[in-house]
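Have a look at the structure below, then the notes.
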Number of protein chains: 2
Amino acid sequence: MESKREAAKSERRQRIIVAARELIRETGDAGLSMRALAARAGVSLATPYNLFGSKRAVLLAVLEDIKGFGHRFASYGTLNPLDKLLRAAELAISYYEKDPVFYRVLWTSVLAAAGAEERDAIFNPKRQAFWIRLLDEASAAGLLMEGIDTNLLLRSLDYSFRSVMLHWVIGEIEVENLQAAAGLGYALALRGAASAEGQALLTERVFAFQRALSEGTAPKKGAVAEEVS
Amino acid sequence: MESKREAAKSERRQRIIVAARELIRETGDAGLSMRALAARAGVSLATPYNLFGSKRAVLLAVLEDIKGFGHRFASYGTLNPLDKLLRAAELAISYYEKDPVFYRVLWTSVLAAAGAEERDAIFNPKRQAFWIRLLDEASAAGLLMEGIDTNLLLRSLDYSFRSVMLHWVIGEIEVENLQAAAGLGYALALRGAASAEGQALLTERVFAFQRALSEGTAPKKGAVAEEVS
DNA sequence: TATATTTTTATAACGTGATATAGTTTCCGC
DNA sequence: GCGGAAACTATATCACGTTATAAAAATATA
């Protein structure tokens with residue numbers, strides 16, 4: 001199936017990905033230079049550029065390599081769609097909580113101005129479909145307002161999620177508050193799009209996340225209002 | 001009041017800020033190196049580092065320098081607090097729309113992993129106070145749910161806003177859609193925190209922003225769902 | 001096996017943000 | 001005015017991401 005040439009290429013690619021993963025684990029952000037990476041992978045400095053194109057692309061490949069997707073959500077069957085949504089988000093974040101140093105390095109590079117191709121590598125159609133399905137389910141169950149565009153709602157949820165990741169990366173959110181911060185964003189936006197029935201399910205969640213954030217690590221002193229002009 | 005030494009320092013600082021502004025305007029992102037900046041400001045390479053600390057800090061200072069604040073909102077008197085909020089956000093964004101190239105360069109540097117001190121330079125207490133006042137006003141008018149923590153709500157709104165800016169910077173949002181994207185995020189989160197009365201005011205806004213986004217430039221093909229694992 | 005093609009290697013180079021050092025100018029307090 | 005501190009200048013340097021170049025190695029094709 002695969003020519004010997006392509007096989008060797010894949011093998012090199014994999015070696016680079018593994019080396020990157022190990023380097024991040026061992027040295028954190030600082031130790032991950034392209035020169036160190038090439039040396040660790042037993043490869044010339046030019047090779048990662050040939051095979052991936054840039055440092056960011058390498059890290060994206062690491063992110064891709066790490067995650068399995070989609071087969072973990074089969075068992076949410078009996079929950080209502082909105083709870084499924086929040087549960088899925090919770091699960092997503094739990095991965096970051098388990099290995100914060102590692103994921104923070106990855107997200108740092110990934111969030112920094114990325115090109116379209118690279119973004120699509122993370123936020124791909126498969127994942128899009130998963131979330132849209134949940135939102136459509138909620139809509140069909142009458143939990144969202146009539147006329148809500150689930151694609152646009154998803155986009156808003158997504159912005160909120162990535163923003164929380166960004167602020168975690170830059171140190172404005174503690175890892176203990178990741179769940180609650182992301183959850184509050186989700187719950188607020190969902191409740192904002194919800195029908196009366198949906199809101200009944202979400203109101204309690206809003207306050208629960210709010211409590212979690214208040215009781216968590218003391219809120220930072222620094223203001224968080226965006227500027228106005 | 002000001003010693004001659006400090007005056008000269010301020011003058012140099014200002015010269016650097018102006019030089020940065022001009023360089024961005026003339027050459028865009030690319031031409032703005034510290035060496036070019038120093039040369040343009042008639043100053044040594046070391047001086048911007050002495051006076052500001054880093055390149056990002058210089059750009060933050062440019063952002064600071066550019067905007068006046070607070071005296072533009074006196075005339076919103078008769079609007080209800082929620083409309084005031086949305087109006088203020090609208091005004092904020094209008095500045096970016098007027099000079100997108102310029103502001104994009106600034107935000108690119110600002111959003112990239114910033115330190116706490118630098119963040120506080122943008123999101124300072126004065127602005128925080130402005131927004132909190134609006135939210136508290138809304139709360140006092142019974143437009144928000146009983147028990148909503150306006151500080152946490154503001155933080156959520158803020159995350160949403162910055163996320164929209166981030167996605168504009170990386171090219172995922174067109175400038176024509178900035179208003180609607182930010183507005184939808186605000187309207188959803190606010191409606192999610194609103195009382196029945198407040199929701200009555202916001203439901204229409206949600207759909208208005210939704211329409212604007214649908215009718216604007218064709219939605220990008222790229223997915224926007226966050227990954228889950 | 002011999003030739004052609006692709007890919008990697010080794011190495012140098014460029015421009016970047018940032019820091020360090022030594023010398024020079026500027027200004028404040030006395 | 002003069003001594004000393006503070007700031008800036010000039011310059012060298014560092015590590016970084018990235019690109020370019022030529023040579024060597026690996027593989028495909030005949």
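Remember, it's a predicted structure, so these values are computed and weren't measured experimentally. Basis for what follows: all heavy atoms, side chains included, without hydrogens, waters or symmetry-related copies.
Against DNA chain C, the stretch residues 16-24 of chain B makes no heavy-atom approach under 4.0 Å.
Straight-line distance from the NZ atom of K9(A) to the P atom of dT8(C): 6 Å, rounded to whole Å. Spacing between atom CG of L51(A) and atom C1' of dT6(C) amounts to 13 Å, rounded to whole angstrom units. If you measure from atom CD of E11(A) to atom P of dT8(C), you get 11 Å, rounded to the nearest angstrom.
Formation of a donor-acceptor pair under 3.5 Å by the E97(B) side chain with backbone atoms of E176(B) is not found in this model. Checking side-chain atoms of S214(A) against main-chain N and O of Q210(A) turns up a donor-acceptor pair under 3.5 Å. In this structure, the side chain of K55(A) engages the main chain of L32(A) through a donor-acceptor pair within 3.5 Å. Judged by distance alone, the side chain of R205(A) and the main-chain N or O of A187(A) form no donor-acceptor pair under 3.5 Å. A distance-only check finds a donor-acceptor pair linking the side chain of T27(B) to the backbone of L23(B) [under 3.5 Å]. A donor-acceptor pair is defined here as one N or O able to donate and one able to accept, closer than 3.5 Å; no such pair exists between the side chain of N177(A) and the backbone of A180(A).
To the nearest 0.5 angstrom, I16(A) atom CD1 is 10.0 Å from Q14(A) atom CD. Put simply, OG on S54(A) and CE on M34(A) are 7.0 Å apart, with the number rounded to the nearest 0.5 Å.
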Original post:
Reading nucleotides 17-30 of chain D from the 5' end, what letters show protein touch, with B for base, S for backbone sugar-phosphate only, - for no heavy atom under 4.0 Å?
Top reply: BBB------BBS--

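Residue N50(A) places at least one side-chain N or O closer than 4.0 Å to OP1 or OP2 of dT8(C).
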